[in-house]
Amino acid sequence: MTHAIGSRRWAIADGYIPSSSASDDPALVSHESACVLNTGDTPAKVEITLFFSDREPAGPFRFTVAARRTVHLRFNDLDDPESVPRDTPYASLIEADTPVVVQQTRLDSRQPTHALLSTIAYCQD
């Protein structure tokens, strides 16, 4: 039996997906990710809502993280209920029905010298 760690509500205040990349290699395409860890014994149902400075929120985007597993979700791949806009600042609220841990990663490969950012999200129960 594994004990669930984390929180049910997380926020990533800084989101941005550049529309260009220095490479066509999928591993090097500019992207934004949320890495979600579920250490518990039951699947975590997760919803993401995106917030913008000049329009109504988008979402919720829904997915499941199996028990004792992790999902590295690229925001670039989200398209239901809509695609995440490129070159547009946004923030995300991530809510789960069981405690999870969320970490943000961004790869900005617009320049040949790539920039990688990773940070833990803000959590609240």
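Nothing fancy with the numbering, it's 1 onward along the sequence.
The shortest distance between side-chain heavy atoms of W10 and I12 does not fall below 4.5 Å. No side-chain heavy atom of N76 sits less than 4.5 Å from a side-chain heavy atom of V84. Two residues are said to be in side-chain contact when any heavy atoms from C-beta on lie closer than 4.5 Å; I94 and V46 meet this criterion. At least one side-chain heavy atom of C35 sits under 4.5 Å from a side-chain heavy atom of H72. With a 4.5 Å cut-off on side-chain heavy atoms, S92 and F61 do not count as touching.
Distance alone, capped at 3.5 Å, places no donor-acceptor pair between the N38 side chain and the R69 backbone. A donor-acceptor pair is defined here as one N or O able to donate and one able to accept, closer than 3.5 Å; such a pair exists between the side chain of Q104 and the backbone of D14. Between the side chain of R8 and the backbone N or O of A96 there is no donor-acceptor pair closer than 3.5 Å.
Take S83 and apply the side chain to side chain contact (heavy atoms under 4.5 Å, CB included) test, not counting sequence neighbours, and it matches D79. Partners of Y90 under the ring-ring contact (aromatic ring centres under 6.0 Å, His included) rule, at least two apart in sequence or in another chain, are F75. Residues satisfying the side chain to side chain contact (heavy atoms under 4.5 Å, CB included) test with D77, not counting sequence neighbours, are R74. In this structure, the side chain to side chain contact (heavy atoms under 4.5 Å, CB included) partners of T49, at least two apart in sequence or on a different chain, are F51, P57, P60. Taking the side chain to side chain contact (heavy atoms under 4.5 Å, CB included) definition, one finds that V71 meets it with F63, V65, L73, sequence neighbours left out.
Here the CG atom belonging to L78 is positioned 7.0 Å from the CG atom belonging to L50, to the nearest 0.5 angstrom.
Remark: D41 engages R68 in a salt bridge, criterion side-chain N to carboxylate O under 4.0 Å.
Residue T70 comes nearest to V36 through the heavy atom pair OG1-O, 3.0 Å, listed as atom of the first residue, atom of the second, then distance. Nearest approach of P85 to F52, heavy atoms of both residues: CG-CE2, 3.7 Å. Scanning both residues, T39 and A4, for their nearest heavy atoms gives OG1-CA, 3.4 Å. Closest approach of A44 to V100, counting heavy atoms only: CB-CG1, 3.7 Å.
Residues V102 and L37 are members of one and the same hydrophobic cluster, defined by side-chain heavy-atom contacts under 4.5 angstrom among Ile, Leu, Val, Met, Phe, Trp and Tyr.
Counting only residues at least two apart or on different chains, the side-chain hydrogen bond (donor to acceptor under 3.5 Å, both in side chains) pairs with a member in residues 55-64 are E47-R62, R55-E82.
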